[in-house]
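All remarks here apply to the structure that follows.
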Amino acid sequence: MTTTALLRTADELHARARAGRRAVVMTMGALHEGHATLIRTAREIAGPDGEVVVTVFVNPLQFGAGEDLDRYPRTLDADLKLAEQSGADAVFAPGVDEVYPGGEPQVRVSAGPMGERLEGAARPGHFDGMLTVVAKLLHLTRPDIALYGQKDAQQLALIRRMVRDLNFGVEIVGVPTVREEDGLALSSRNRYLSTAERRTALALSRALFAGRDRHAAQEALRARAREVPATHARAEALSALGESRAAADTHAVAKASPGGPAAVRAAARLALDEAVRLDPPLALDYLALVDPSDFTDIEDGFTGEAVLAVAARVGTTRLIDNIPLTFGAAS
């Protein structure tokens, strides 16, 4: 097993001999299996001759007024152990003075219009702070590859955009969301949930899976329609089949034609509407089906990659989740 070095300064990191590629996994600590998956993936990409560095830094710029900066868990000893077990060569855990030696930076990275949507609307300034610290950590760690989880889909999209727009010489890799057995996406904030709150929180993944299943049925109908002659009688038969498949989703059928993004949203909305009536209730922030290139809503007729995203509060804990979808993949 790799012996993982704990480094506190960039000078210590820069002094390390480098042979192969350096892969970096950025975290705010409180590491869990989702982070472990990122680290193991980084190990595979870097290879035996490369280096895997895990950063642990709770970035104050990402927390707005009333958010949980002081409450955010700090578990460096456990983080170092998990990083070592997952194959990291080093954990870079700088203090605030190391990352922001002159205090809060006067010059920051702006997330632009994409950073004002969804999570950005709910947490003003969050993405400016996130991109600023990511830019600084990319400079401080000097990686060839940086890996981020797809659970934070808008964050991942913005990092990719920053790297492209500002010509950072680093490859960005997105790693699929890791879920617990009941479907809840792994998050450091899950530990705040009581047993009853966790039952309510499962509505997020249920909603996403309902939207995914609706989408899969739609795409199956599209594929079948392409395989048969385009006669009027056949079209009517396929339409009837679509209604049958959607029998359990009458709201979606009523609001949208089979095959449309609106039907996917409606299917997901059903599960969330039910959770609003639970005890404790789910307080929805947003449900959105967006284009991952700019996080604007997609409309019927859209083809290509999309993200179905949801955010909600259960008690005092705010949770986010999403799944990727592809529309018209075989067209």
Salt bridge R198-E180, side-chain N to carboxylate O under 4.0 Å
yes

Got a salt bridge between R43 and D89, using NZ or NE/NH1/NH2 to carboxylate O under 4.0 Å?
yes

Measure across A93 and L6 and return the closest heavy-atom pair with its distance rounded to 0.1 Å.
CB-CD1, 4.1 Å

Decide side-chain hydrogen bond (donor to acceptor under 3.5 Å, both in side chains) for T326 and E305; before the verdict, give the C-alpha distance in whole Å, the side-chain angles of both, and the deciding distance to 0.1 Å.
CA-CA 5 Å; T326 304; E305 301 296 318; 3.1 Å; yes

Check whether L118 and L287 end up in the same hydrophobic cluster, where Ile, Leu, Val, Met, Phe, Trp and Tyr are linked by side-chain heavy atoms less than 4.5 Å apart.
no

State plainly whether one hydrophobic cluster holds both L140 and M162, where clusters connect Ile, Leu, Val, Met, Phe, Trp and Tyr through side-chain heavy atoms under 4.5 angstrom apart.
yes

With rounding to the nearest 0.5 Å, note down the distance linking OG in S205 to CG in N322.
12.0 Å

For E33, give me all partners under salt bridge (charged side-chain N to carboxylate O under 4.0 Å, His left out), at least two apart in sequence or on another chain.
R40

Only counting residues at least two apart or in another chain, list the ones meeting side chain to side chain contact (heavy atoms under 4.5 Å, CB included) with F302.
D291, I298, A306, F327

If a pair satisfies ring pair (Phe, Tyr, Trp, His ring centres under 6.0 Å) and one of its residues is in residues 94-125, list it, with sequence neighbours excluded.
none

Should the pair R16-E51 be classified as a salt bridge under the 4.0 Å nitrogen-to-oxygen rule?
yes

Of all residues at least two apart in sequence or in a different chain, which pass the salt bridge (charged side-chain N to carboxylate O under 4.0 Å, His left out) check with E44?
none

Please collect all ring pair (Phe, Tyr, Trp, His ring centres under 6.0 Å) contacts where either partner lies in residues 10-30, sequence neighbours excluded, each pair once.
none

Students should find that the hydrophobic cluster of L186, defined by side-chain heavy atoms under 4.5 Å apart, otherwise consists of V178

Flag yes if more than 12 heavy atoms outside D77 fall under 6.0 Å of its CG atom; otherwise flag no.
no

So do the side chains of H35 and S188 get within less than 4.5 Å of each other, counting heavy atoms only?
yes

Could you go through E119 and Y286, starting from their C-alpha distance and side-chain angles, then the distance that decides it, and tell me whether this counts as side-chain hydrogen bond (donor to acceptor under 3.5 Å, both in side chains)?
CA-CA 9 Å; E119 283 300 291; Y286 62 76; 2.6 Å; yes

Taking R117 first and then D297, would you say they form a salt bridge - that is, a charged N and a carboxylate O separated by under 4.0 Å?
no

Answer yes or no: is there an ion pair linking D321 with K151, defined by an N-O contact shorter than 4.0 Å?
no

Measuring from N190:CG to L184:CG, what's the distance to the nearest 0.5 Å?
4.5 Å

